[in-house]
2 protein chains.
Amino acid sequence: MPTAAATRSDALRNRAKLVAAARQLFAKNGVEVSVEEITRHAGVGMGTLYRHFPTKDELIDAVLEDAFDEIIGLAEEAAESADAWAGLTGFFERLLELHAQNRGVKDIVALREHGARRADAMRARLRPLLARIVERAHEQGTLRADFTPDDLPLIFWTANRVIELTHDVAPNYWRRYLALLLDGLRPAAATPLPAAPLTRAQLTRALGRLHR
Amino acid sequence: MPTAAATRSDALRNRAKLVAAARQLFAKNGVEVSVEEITRHAGVGMGTLYRHFPTKDELIDAVLEDAFDEIIGLAEEAAESADAWAGLTGFFERLLELHAQNRGVKDIVALREHGARRADAMRARLRPLLARIVERAHEQGTLRADFTPDDLPLIFWTANRVIELTHDVAPNYWRRYLALLLDGLRPAAATPLPAAPLTRAQLTRALGRLHR
DNA sequence: CAGAAAACGGAGTGGTCACTCCGTTTACCG
DNA sequence: CGGTAAACGGAGTGACCACTCCGTTTTCTG
């Protein structure tokens, strides 16, 4: 009776070393660090990396799994908040703090089609949570009525840009940007908007552009 | 009496062909088109390009000269507007329209240190004009008091990001974003901001990050 | 403890890019 | 025209990237 071959101990060890090295490097420099640098940090060869992960994106996916969970947690917490506006703004503050201290996070939303199983799953779980917060904020009259859940990526995209540009130089400047933008989302500030929100299909296609 | 050698006619012609080809390609695809593609479109060899322009950035600089002038023109027009708020918002609308139809424009602010003589000059001319508009809007009470001229790049940076991501898919979506953000800049919308504006030095360093 | 299967490492491949070098062609002057 | 300096073109260079291939080493099993 042929037992399904158990994974060898060195294989397990090396996989763990790779993930640990990648986690550290992604946090410091974003996912664009070269695979060569990752293997060097992990003390293994290129072949080892590509035996464990068919592609760099798959490694990214594996490394960012924790971050996925953390983000989902933030959204669940936000959805439970009695004050929907506070929940929404708090969610963005936390999410962007995460990005500010871990540059890998910014790419979570953006992983390429292929190695993005977990990222897709995360987005799918996130969507209804955020939709509910927006809906409840509308009901509570604390969010302008013409703002839709599909406008949310706008906040993430643009604040990420601010973080990328200013984090090394003024690590809290993004908070100023976020405050300015949020002030425009209050019902009292609303003036008629000149263009429609994105459709789901448009949003998906825009997501594809996130990679350079 | 040795006359200073007059430039040969073919050299002049080829230089013009290069600039024309680059202008067209930059507008359609942004400045990241390869030099090989530029020479192919111009119908000249690589050597010819690099005899006329010591570096790709110098070529970019030459090509975007017109756009520089156009932007300065927009700012002057805005500075003359009696209603400073209308001038400011109009300026950004026009500037971003320019970007939406000419992808090269987005890089104007960002040219690398070296081949950026003209870009630097443009920024230097732009700064006092924009500072005046902001000041007058403050006087007229149409812009929140805690918004400074050094916060203006925020609008450009973030709106550019929206254009890059959505232009092919929803060419006017950036207008929606701009409207949301501007609604946050009105005095009535203002809540206290959690972080200071960038200093001039910080701004300069952040500019350096614009190139990926 | 032996030998087969599994895992390893890292030089090598193929792609892209900006930029260079030099044999060939062209324009201009007398 | 004819000779010469200027300008030309494009294959080649080197740097970087993700990814592959295969001779060598390690682990585990009987």
Side-chain angles (χ1 to χ4, degrees), chain A residues 1-22 25-26 29-63 104 107 110-116 211-212, chain B residues 1-22 25-26 29-63 104 107 110-116 211-212:
Chain A
M1 194 175 184
T3 57
T7 321
R8 251 168 62 172
S9 60
D10 53 347
L12 252 67
R13 212 181 319 123
N14 282 329
R15 190 185 197 282
K17 282 198 280 185
L18 276 166
V19 171
L25 290 169
F26 288 166
N29 303 319
V31 297
E32 58 279 350
V33 292
S34 69
V35 289
E36 192 272 335
E37 196 169 349
I38 295 170
T39 57
R40 192 150 30 80
H41 254 76
V44 305
M46 292 279 295
T48 304
L49 192 159
Y50 280 96
R51 208 166 319 99
H52 286 296
F53 305 95
T55 187
K56 189 188 176 186
D57 282 340
E58 292 281 351
L59 171 61
I60 296 173
D61 224 39
V63 166
D107 301 286
L111 291 174
R112 281 175 234 273
E113 282 101 74
H114 246 27
H211 274 278
R212 221 358 67 201
Chain B
M1 193 174 182
T3 57
T7 319
R8 251 170 62 172
S9 59
D10 53 346
L12 252 67
R13 212 181 321 123
N14 281 330
R15 191 184 195 283
K17 283 199 279 185
L18 277 165
V19 172
L25 291 170
F26 288 167
N29 304 319
V31 297
E32 57 279 349
V33 292
S34 70
V35 289
E36 192 272 336
E37 197 170 349
I38 295 170
T39 57
R40 193 151 30 77
H41 255 74
V44 305
M46 292 280 298
T48 302
L49 192 161
Y50 280 95
R51 207 165 319 99
H52 287 296
F53 305 96
T55 188
K56 189 189 175 185
D57 281 341
E58 292 280 351
L59 172 60
I60 296 173
D61 224 38
V63 167
D107 301 286
L111 292 173
R112 280 175 233 276
E113 282 101 74
H114 247 25
H211 276 278
R212 182 78 45 211

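Reckoned from all heavy atoms, side chains included, excluding hydrogens, waters and symmetry mates. Here is how names work: the chains are called A, B, and so on, in the same order as the sequence lines, proteins then strands, and each is numbered from 1.
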Does [X] put a side-chain nitrogen or oxygen below 4.0 Å from OP1 or OP2 of [N]?
X     : N     : answer
A:N14 : C:dC8 : yes
A:T48 : C:dG9 : yes
A:T7  : C:dA6 : no
B:T39 : D:dG9 : no

Nearest-0.5 Å distance, [atom1] of residue [X] to [atom2] of residue [Y]:
X     : Y     : atom1 : atom2 : answer
A:E32 : A:L25 : CD    : CG    : 11.0 Å
A:I60 : A:F53 : CD1   : CZ    : 11.0 Å
B:N29 : B:E37 : CG    : CD    : 6.5 Å
A:R13 : A:D10 : CZ    : CG    : 5.5 Å

Grab the [atom1]-[atom2] distance between [X] and [N] for me, whole Å please.
X     : N      : atom1 : atom2 : value
A:K17 : C:dA7  : NZ    : C1'   : 13 Å
B:E37 : C:dA18 : CD    : P     : 10 Å
B:L18 : D:dG9  : CG    : P     : 9 Å
A:E32 : D:dA18 : CD    : C1'   : 14 Å
A:E36 : C:dG12 : CD    : P     : 15 Å
B:F53 : D:dA7  : CZ    : P     : 14 Å
B:L12 : D:dC8  : CG    : C1'   : 15 Å
B:R15 : D:dC8  : CZ    : P     : 12 Å

* Asked: Within the modelled atom types, does a donor on one side and an acceptor on the other bring the side chain of B:R8 and the base of D:dA7 under 3.5 Å apart?
  ->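 Not at all, since no donor on one side and acceptor on the other fall under 3.5 Å apart.
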I want to verify a distance call: between [options], whose nearest atom is closest to the [X] side chain?
X     : options               : answer
B:S9  : C:dA27, D:dC8, D:dT27 : C:dA27
A:H52 : C:dC17, C:dC19, C:dC8 : C:dC8
A:D10 : C:dT20, C:dA7, D:dC19 : C:dA7
B:R51 : C:dA27, D:dG9, D:dA18 : D:dG9
B:Y50 : C:dC19, D:dA7, C:dA7  : C:dC19

If every non-hydrogen atom of B:L18 is compared with every non-hydrogen atom of B:L49, which pair is closest and at what distance?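 Reported closest heavy-atom pair: CD1-CA, 3.6 Å.
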* To do: Kindly determine whether B:T48 and B:T39 satisfy side-chain contact (heavy atoms from CB on, under 4.5 Å), including the steps that lead there.
  => CA-CA 8 Å; B:T48 302; B:T39 57; over 6 Å; no
Assign each of A:G45 and B:K56 to its nearest nucleotide of DNA chain C by heavy atoms, then name whichever residue's nucleotide is nearer the 5' end.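 It is A:G45 whose nearest nucleotide is closer to the 5' end.
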In terms of the nearest nucleotide of DNA chain D, which residue is placed more toward the 5' end: A:G47 or A:V33?
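With A:G47 and A:V33 compared, the 5'-side residue is A:V33.
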- request: Return the 5'-most residue of the pair A:P54, B:A11 with respect to DNA chain D, ranking by each residue's nearest nucleotide.
  value: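 Per heavy-atom nearest nucleotide, the more 5' residue is B:A11.
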